[in-house]
Structure formats: C-alpha cells, structure tokens
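Please read these numbers as outputs of a predicted model, since none were measured by experiment. The sequence lines fix the lettering, A, B, ..., with proteins before strands; numbering per chain opens at 1.
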Amino acid sequence: MIRVIALRLIGAIPNLIGVVVVTFLLTRELPGDPAAFFAGAAATPEAVEQIREKLGLNKTLIEQFGLYLFDLARGDFGQSLSTGQPVLTELVQRLPASLELTFFALLLATIIALPLGIMAATRPGSWIDHLCRLITTAGVSLPTFFTGLLLAYVFYFLLGIAPSPLGRLDPVFSPPRPVTGMYLIDSLLAGEGALFRACLAQLILPAITMGVFVLAPLARMTRASMLGVLSSDFIRTARASGLASSTVLYTYAFRNALLPVVTTLGMVFSFLLGSNVLVEKVFAWPGIGSYAIESLTASDYAPIQGFVLTMGVLYVLLNLSIDLIYGLIDPRVGLEA
Amino acid sequence: MSATLRHIRYVLSENLVTLGAFALFTAFVLLAVLGPIVAPYDPLATDTARAMQPPSAAHWFGTDALGRDILSRIIIATRLDFGIAVAAVALSFVFGIALGLAAGFFGGWWDRIILRLADTIMAFPLFVLAMGIVAALGNSVANIVYATAIINLPFYIRVARAEANVRRNAGFVEAARLAGNGDWRILSHHIFPNILPPAMVQVSLNMGWAILNAAGLSFIGLGVRPPTPEWGIMVAEGATYIISGEWWVAFFPGMVLMLAVFCFNLLGDGLRDIIDPRRRT
C-alpha cells in the first residue's frame with residue numbers, strides 16, 4: 001500500500017513541475033515592461049533600471065527561473081501593489097473561505113447526484129430518468145454567475161428567506177475563533193449554534209449555485225455506470241442466487257459503479273475551482289477567487305500569478321487524492337501498480 | 001449531394017430534441033449575421049430619460065441604467081459571442097488535431113512531448129488557466145480567443161491521438177503506404193477523414209463551453225470592454241441591480257447565454273448519439 005502511495009506521489013511530480021513552469025512563463029509575459037510597471041508611472045529611468053536589477057529581469061530566462069524557484073521555496077510569492085501585503089499571507093488567509101465553499105458545494109452535489117443517478121438507472125425510461133436527463137443537460141449549460149444572481153434575486157429579494165448575499169457572515173456576528181479557518185467547522189468546535197446557523201445561511205446560496213453546475217456530470221456518470229454494472233453477469237448471478245434487491249443494488253452494483261464516478265471527480269474539481277471565481281464575485285465571498293478579481297481590476301499582477309499557482313497546485317493535489325481514494329475503493333488498482 | 005441531404009434529414013428526424021436544437025442554432029446564426037438589421041434600436045444610444053424601464057411593448061426586454069435597449073444589445077452581442085467561440089474552437093481544432101495526429105502517428109518523442117503539453121494544460125483548473133493567460137497576455141478580445149483555444153487544446157489532442165494510434169497500422173493505411181503514399185498524404189487523406197466524426201462531436205460540445213468561458217471572462221472584467229455589448233458584460237452590469245429588484249437588466253442576457261450553451265450541448269449530444277451509439281448516456 002505504501003509503495004502504491006509513493007508511486008502516485010512520484011506520478012504527480014511532472015504535473016507540479018508543469019504548473020510551476022507555466023506560471024513562471026505567465027509572469028514573464030506581463031503586458032509591457034514589468035520593471036516599468038512595478039516602478040510606477042512617475043519613475044525615472046534609473047529607478048526602472050534599479051527595479052529591473054531587483055527583479056532579476058536583466059538575467060537570462062533560465063537564471064530568472066532559478067530565482068523564481070528560489071523565491072517560491074522561501075514562500076515569497078511577491079507583494080500585492082494595492083494592499084502592500086505579501087501575496088502568500090493573503091492567499092493563506094483567504095484560502096479556507098474558498099475551500100469551505102468548494103467542498104460544501106461538492107457535498108451538496110454528491111448528496112443529490114448519486115441517488116438521482118441510481119434511481120434513473122434502476123428505472124430507465126421512467127419520469128425520473130427523463131428528469132435526470134433534463135437536469136444533467138440543463139445543469140452544464142447554466143452560466144454559474146447567472147444562476148447565482150437568479151438565486152439571490154428569488155431567495156433574497158422576492159422571498160426574503162436568504163440573508164443579504166454579501167460575504168461570509170452577517171456583520172452582526174463576529175467570526176468564530178479560527179482553528180481551521182472554515183467558519184462552519186470553527187463555529188461547531190466553539191459550540192456556538194446560532195453562529196453556525198448564520199454561517200450556513202450565508203453559505204447555502206453560493207454552494208447551491210456551484211453545486212448545480214457540477215451535479216450534472218456526477219449524476220450523468222452515476223447513471224451511465226450503474227446501467228453498465230446492472231446489466232453485467234455478476235449482478236445476474238447475485239439476483240439468481242436470491243439476494244435481496246437492496247443488497248444487490250448497494251453492496252454489489254453501487255460499489256462497482258462508483259469507480260467511474262470517482263474518476264470524473266477530477267473533471268468536477270476543475271469545474272468547481274473555475275466556477276469558484278465567478279461565484280465568489282457574485283456573492284462577494286472573500287476567498288482567493290475574489291482576491292484575484294480585485295487584483296485584476298487594479299492591474300496588480302503578483303496576486304494573480306500567486307492565485308493561478310495556488311489553484312494549479314491545489315488541483316494537482318486534489319487529483320492525487322482522487323487517485324489514492326480510487327486505490328482504496330478498488331483493490332485491483334493497487335495490485336496492478 | 002442528394003445522399004448527404006438525405007442523411008442530414010434522417011439524422012434530424014431521428015431525434016426531435018436535436019431537431020429543436022438545430023432550429024435554435026439556425027436562429028442564433030441568423031441573429032449573428034443579420035444583427036444590425038434586426039435590432040430595433042441602436043445598442044449604444046444612451047437616453048437617461050428612459051433609463052431602467054421594465055419590459056414594455058416598446059422595449060421588450062426593458063432598458064438598462066443608461067437607457068439603452070436591452071433587446072438590441074443582446075441581438076448585437078450574438079455576433080461577438082459566437083465569433084469568439086467559433087474562432088477559439090477553430091484554432092484549437094486545427095492545432096489540436098495536427099498535434100494529436102503527429103503524436104498518435106509518429107509516436108516516440110513526438111508522442112511524449114505532445115502528451116506532456118496536454119497534461120500540463122489539464123493540470124490547471126481550465127477557467128483559472130484562461131484567467132491567467134488573459135491577465136498575462138493583456139486584456140483584449142483576441143487574447144480571450146487565444147486563452148479559450150489553449151484550454152480546449154487537450155481535448156482535440158486526445159481525440160486525434162487516440163484515433164491515429166488505432167489506425168496507424170490498420171490495413172488501409174498499410175495499403176496506402178504500399179501504393180507509394182508518403183506520411184503526409186496518408187495523414188491528410190486517409191487518417192484525418194476518419195477522425196472527423198468524433199472531432200465534430202467535440203466541436204459541438206466545445207462551442208457551448210467556449211461561449212460560457214468567454215462570457216465568464218468578460219463577467220469578471222477581462223477581454224471585452226464596455227460599452228461593447230456582450231452577454232457576460234451585460235449580466236455583470238445588471239448584477240448590481242438584481243438585488244434591488246431590477247431583474248431584467250441581468251435576466252435576459254443571462255437567459256440568452258444559457259439558451260445558446262444549452263443549444264450547443266443538445267446538438268453535441270444528438271451528434272454523439274448518432275455517430276457513436278455506444279456512448280449514449
């Protein structure tokens with residue numbers, strides 16, 4: 001088992017290198033002269049030259065890449081021009097908000113998508129199958145930023161049951177003592193029920209928005225792979241042996257059908273992390289996505305590079321853990337590796 | 001020619017949903033081509049006297065904060081949104097298929113380097129990579145096209161590579177080679193036509209995704225700039241008003257955007273059902 005994990009870890013290294021190289025190349029492609037940009041509009045030619053020296057822009061590309069790696073290794077992602085803070089500090093502060101939203105959305109989507117896919121597969125051609133088909137095709141067509149606005153309009157403005165769609169927490173509350181940085185978990189740890197409900201109320205609309213978008217690929221894959229498994233020989237044998245239909249469905253069919261679903265999680269995370277940015281803008285969610293957008297508006301490039309790098313690394317790590325989970329669910333994979 | 005037409009008719013009558021999607025697609029193309037003729041008002045003409053009017057007989061979709069007619073802006077935007085998507089998908093089609101063919105057909109180092117390239121692109125959440133590319137190359141419509149093309153590249157590389165790999169040693173390729181055809185001729189005349197069907201399905205599914213992507217980028221302020229009408233920007237402009245009750249400013253452009261993407265997804269699904277019935281889901 002340890003050998004399998006080690007092999008997977010090694011397999012992720014080329015992707016990590018790729019992410020770092022691409023982010024580096026993006027940094028060097030800043031519009032215009034980065035040195036002049038960082039020096040500001042009123043800088044003298046000497047000041048620009050000094051900055052060029054400081055940023056290492058007069059060195060060769062390979063040397064610059066070395067310096068970039070050195071900076072990354074020290075945790076130096078550069079400084080934000082608009083806030084004056086080191087980029088890494090702000091990313092670390094804001095990352096829990098994004099992660100909380102992303103994982104909660106994934107949880108919601110899974111809770112709905114798996115039963116929906118199973119029900120559609122066990123009754124092909126029924127109304128629930130058609131419903132599943134409609135939802136999956138409509139779900140991937142929804143622009144997340146638009147769904148978010150619609151939900152905010154209906155549940156905040158029309159019905160008035162959702163809190164104002166701005167930020168992570170109603171200003172009357174103060175955030176829980178930070179342990180994980182995720183408000184839901186922190187407020188539970190602190191044992192504050194009212195605070196937990198307030199956090200949940202803020203979280204629910206953005207999470208539904210993202211969840212609807214990724215529900216589609218999940219439900220679709222669950223249905224397809226359940227259909228495939230249900231028509232296979234070992235299910236027929238299990239049925240013929242007189243096993244209860246629920247045992248056949250959940251113990252035999254579902255576990256096998258789960259494998260392709262876990263594989264699609266990689267794509268689902270790509271969707272989630274991407275739409276994260278849009279949803280954070282719509283709901284003024286203070287995560288790393290809205291940090292990147294604020295920096296874009298201010299033409300502040302260091303935070304954007306840091307953001308792209310963080311997202312890339314996060315995605316590689318998520319894919320790595322999907323691989324590991326896959327090995328746990330399907331012991332055959334471990335034997336082959 | 002009549003055989004092709006008959007086939008198209010068969011394809012469309014086979015599936016009513018696909019037929020509906022095809023009709024919708026034709027409507028969008030007509031709007032994109034005829035836009036300025038069909039639009040009832042000038043999409044850029046501001047008039048503060050009639051700002052923020054809800055939908056009415058004169059302005060079917062209402063007016064925005066500057067008094068511009070939303071219906072006209074949506075119609076005019078069709079050409080830009082479709083243009084970005086078509087250009088991006090065409091670019092990734094041409095380069096992706098060429099790279100994928102080279103990887104699958106020649107194998108060896110070609111294969112390794114091209115696959116690594118595709119894997120590196122796929123190592124990012126795609127929308128985030130597109131953001132990074134546009135931020136780095138500069139804020140323009142052309143760069144939105146390039147970014148969208150780059151993030152779609154791996155899908156075409158994979159399709160072309162898989163098909164070329166299978167067919168590299170097929171009988172008809174051997175025969176063509178024995179008849180004295182060179183590598184390039186075999187690739188372009190014998191293998192390329194065979195990868196067209198799966199590639200076309202990919203194109204159709206990608207179009208919807210490219211539109212979503214471009215609209216998403218302009219929603220966060222990249223690429224298209226106001227006052228140019230574009231669906232993503234129009235939703236962004238309406239976003240500030242929606243929680244105070246002026247729903248129409250963001251609602252209609254968002255609905256049209258959704259409809260366009262929905263239409264391409266249905267078309268792609270329909271095409272796939274016909275071309276590859278095994279993958280029907």
Open item on the list: Counting only non-hydrogen atoms closer than 4.5 Å, does B:Ile133 touch chain A with its backbone (N, CA, C, O), its side chain (CB onward), both, or neither?
Closed with: both

Task: Portion of A:Leu296 that has a non-hydrogen atom of chain B nearer than 4.5 angstrom - done: side chain

Open item on the list: Is any side-chain heavy atom of A:Val316 closer than 4.5 Å to one of B:Phe124?
Closed with: no

Task: Contacting moiety of B:Met122, where chain A heavy atoms sit under 4.5 Å - done: backbone

Open item on the list: Quick one, A:Val277 and B:Met131 - any side-chain contact, counting heavy atoms below 4.5 Å?
Closed with: yes

Task: Pairwise distance OH(A:Tyr315) to CG(B:Leu126) - rounded to 0.5 angstrom - done: 6.5 Å

Task: Approximate separation, where rounding is to 0.5 Å, of A:Glu294 CD and B:Ile220 CD1 - done: 12.0 Å

Open item on the list: Nearest 0.5 Å, please: how far is CG in A:Asn276 from CZ in B:Phe127?
Closed with: 11.0 Å

- [ ] Quick one: which of B:Gly221, B:Ala260, B:Ala239 has the most heavy-atom pairs under 4.5 Å with chain A, could you say?
- [x] B:Ala239

Task: B:Ile242 side, atom CD1; A:Tyr156 side, atom OH - distance, nearest 0.5 Å - done: 13.0 Å

- [ ] Measure the shortest side-chain to side-chain distance between A:Phe146 and B:Leu257 over non-hydrogen atoms and say whether it is less than 4.5 angstrom.
- [x] no

TODO: Return yes when atom OH of B:Tyr146 has more than 12 non-hydrogen atoms of other residues, nucleotides or ligands closer than 6.0 Å, and no otherwise.
DONE: no

Open item on the list: Looking at every heavy atom in both A:Ser270 and B:Pro125, which two are closest together, and how far apart are they?
Closed with: OG-CA, 3.7 Å

- [ ] Determine whether A:Lys281 and B:Phe219 make a side-chain contact, defined as any pair of heavy atoms from C-beta on separated by less than 4.5 Å.
- [x] yes

TODO: Counting only heavy atoms closer than 4.5 Å, note whether B:Phe251 contacts chain A via side chain, backbone, both or neither.
DONE: both

Task: Side chains of A:Asn15 and B:Arg116 in contact at under 4.5 Å (non-hydrogen atoms) - done: yes

Open item on the list: At a 4.5 Å cut-off on heavy atoms, which part of B:Trp209 comes close to chain A: side chain, backbone, both, or neither?
Closed with: side chain

Task: Exceeds 12 heavy-atom contacts within 6.0 angstrom, atom CZ of B:Phe28 - done: yes

Open item on the list: What's the separation between atom OG in A:Ser141 and atom CG in B:Leu259, rounded to the nearest 0.5 Å?
Closed with: 9.0 Å

Open item on the list: Would you say that A:Val19 contacts B:Thr120 through its side chain, given a criterion of any heavy-atom pair below 4.5 Å between the two side chains?
Closed with: no

Open item on the list: Please check if the number of heavy atoms outside A:Phe157 that lie under 6.0 Å from its CZ is greater than 12.
Closed with: yes

Task: A:Pro143 to B:Gly254 - nearest heavy-atom pair and separation - done: CG-O, 4.5 Å

Open item on the list: Using side-chain contact (heavy atoms from CB on, under 4.5 Å), reason through B:Phe262 and A:Val140 one step at a time and then give a plain yes or no.
Closed with: CA-CA 8 Å; B:Phe262 193 51; A:Val140 285; over 6 Å; no

Task: Point-to-point distance, once rounded to the nearest 0.5 Å, from CG of A:Leu273 to CG of B:Leu129 - done: 13.0 Å

Open item on the list: Need one label for A:Leu278: side chain, backbone, both or neither, based on atoms under 4.5 Å from any heavy atom in chain B.
Closed with: both

